[in-house]
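Here's the structure we're looking at; comments come further down.
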Amino acid sequence: MNAPAVTPGYQFASDNTAGVCPEAWAALERANVGSVASYGDDPWTARASALVREMFECDAEVFFVFNGTASNSLALASLCQSYHAILCHELAHVETDECGAPEFFSNGTKLLLLPGADGKLVPQGIDDAVLRRRDIHYPKPRVVSITQATELSTAYAVDEVEAVAEACRRHGLRLHMDGARFANAVAALGVPPKRITWEAGVDVLCLGGTKNGLGIGEAVVFFRREQAEEFAYRCKQSGQLASKMRAITAGWTGLLDGGIWLENARRANDRAAQLEAGLRHVPGVELLGRRQANAVFARLPTDLTAGLRDRGWRFYDFIGSGGCRFMCSWATTEADVHAILDDALKLQDEQRFR
Ligand SMILES: *Cc1c(COP(=O)(O)O)cnc(C)c1O
């Protein structure tokens with residue numbers, strides 16, 4: 001059978017439009033031999049867990065699930081009771097893009113939305129939210145969730161994570177990090193993973209694999225082992241325990257071994273920087289936000305948006321706080337960036353003479 005037709009070249013809609021990176025693919029192929037134990041009792045899963053612990057330089061408890069919605073929802077559910085509240089940014093993926101799954105899996109825990117520049121929470125916002133109400137009629141704040149890199153393609157610096165964690169300690173809150181693009185944050189900040197996680201006070205990290213180059217897979221990393229108690233049951237009950245686990249975890253070994261995760265993220269961030277630089281020279285385009293990671297936000301004239309889409313380019317215009325989002329991935333090439341910039345320049349040129 002022939003492969004179905006796909007649009008050639010890269011699309012900027014999301015980093016999950018890219019395929020599987022070669023290293024993860026090769027690892028899957030290597031793992032596709034013989035029979036091994038199921039449900040995670042296999043050497044690939046053991047190796048993947050060990051590599052995650054190596055990456056964070058600590059003895060974390062690691063679980064592998066299918067996607068980010070599940071990893072966030074189950075991790076958050078494990079940190080609170082149904083009468084608690086989870087504080088998160090108003091643009092947080094857990095609020096805007098998970099169809100209520102965090103509330104569903106936690107049996108109704110309420111998300112309380114906080115504002116914050118650049119997609120980030122600040123200690124003052126957390127203080128205000130906790131101190132606003134302390135009575136029995138209000139859901140009791142129990143968890144703070146931050147996204148690293150943020151939905152607006154910025155990254156919390158080490159001291160910013162520490163400050164959030166300090167606010168959590170003041171109020172007896174636990175700290176969850178949505179790291180669907182954690183690798184891109186590490187690449188942007190140039191710090192060891194432990195500096196922006198457990199050393200800074202993060203309890204649980206949802207570590208993204210899919211957008212970083214896997215076909216399927218996110219990891220839930222508990223830095224405090226006692227918080228992981230019975231988490232395996234949550235995974236099983238919610239349909240997130242893969243029976244043929246090596247089909248997920250072998251890919252992880254390919255991504256983590258030799259630091260491919262960081263190379264992939266650096267490449268994605270570099271392409272975004274290149275795209276951002278190029279868009280500065282496209283007449284009528286206004287760059288938005290303070291990009292550090294792999295997405296560029298920009299306001300485009302309406303006919304430029306339409307023109308690019310007519311030429312087959314795909315990107316979103318409903319994410320974040322306005323404008324269009326151009327997301328780069330491990331698979332974005334310099335040629336892809338040049339191609340979209342060339343089209344944008346041509347369209348704006350034609351526009352001048354109309
Ligand atoms: C993509 C993404 C996720 C995971 O989404 P799934 O589609 O459920 O895998 C989680 N958080 C953020 C910030 C994301 O961008």
Side-chain angles (χ1 to χ4, degrees), residues 11-20 24 63-77 86 88-105 111 113-114 116 118-121 143-156 161 175-188 196-197 202 204-221 234-235 238-240 242 248 251-252 255 261 264-265 268-269 272 289 291-297 315-316 318-321 325-331:
Q11 291 304 333
F12 291 86
S14 179
D15 25 14
N16 54 26
T17 64
V20 180
F63 298 85
F64 297 97
V65 298
F66 294 104
N67 71 9
T69 298
S71 84
N72 280 332
S73 303
L74 299 176
L76 288 169
I86 297 160
C88 67
H89 194 276
E90 57 198 0
L91 297 175
H93 195 275
V94 290
E95 156 67 11
T96 62
D97 289 282
E98 300 191 356
C99 195
E103 294 93 331
F104 176 77
F105 282 109
L111 297 184
L113 309 183
L114 309 187
D118 302 325
K120 297 180 194 174
L121 296 186
V143 186
V144 168
S145 175
I146 58 176
T147 310
Q148 179 77 315
T150 72
E151 286 77 3
L152 296 186
S153 203
T154 58
Y156 285 83
V161 182
L175 183 53
H176 162 262
M177 181 176 274
D178 173 351
R181 298 193 181 88
F182 183 79
N184 303 92
V186 172
I196 46 172
T197 54
V202 172
V204 185
L205 169 72
C206 291
L207 176 63
T210 312
K211 288 168 180 161
N212 192 214
L214 295 186
I216 300 169
E218 312 281 304
V220 184
V221 185
R234 277 186 201 280
C235 292
S238 57
Q240 288 290 322
I248 294 180
W252 273 105
L255 192 65
W261 63 275
N264 281 357
N269 290 5
R291 185 208 62 81
Q292 292 171 279
N294 54 324
V296 180
F297 287 87
F315 48 88
Y316 291 139
F318 61 86
I319 290 181
S321 40
R325 186 190 77 170
F326 298 89
M327 185 64 80
C328 297
S329 78
W330 70 269

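The shown structure was predicted, so the numbers you read here are calculated from the model rather than taken from an experiment. Counting starts at 1 for both ligands and their atoms, following the listed order.
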Without swapping roles, check the side chain of Arg291 against the backbone of Thr154 for a donor-acceptor pair under 3.5 Å. no
Taking every non-hydrogen atom, the tightest pair across Ala24 and Gly251: CB-O, 3.7 Å
For Asp178, which residues count as a side-chain hydrogen bond (donor to acceptor under 3.5 Å, both in side chains) partner, sequence neighbours excluded? Asn72
With sequence neighbours left out, write down each residue that passes side chain to side chain contact (heavy atoms under 4.5 Å, CB included) with Ala187, or none if nothing qualifies. Leu262, Ala265, Arg266, Asn269
List the steps, then state whether side chain to side chain contact (heavy atoms under 4.5 Å, CB included) holds for Thr150 with His89. CA-CA 10 Å; Thr150 72; His89 194 276; over 6 Å; no
Listed partners of Lys211 passing side-chain hydrogen bond (donor to acceptor under 3.5 Å, both in side chains), at least two apart: none
Might you list the protein residues in contact with ligand 1, defined as having a heavy atom under 4.0 Å from one of its atoms, sorted by chain and number? Asn67, Gly68, Thr69, Asn72, His93, Glu98, Thr147, Glu151, Asp178, Ala180, Arg181, Lys211
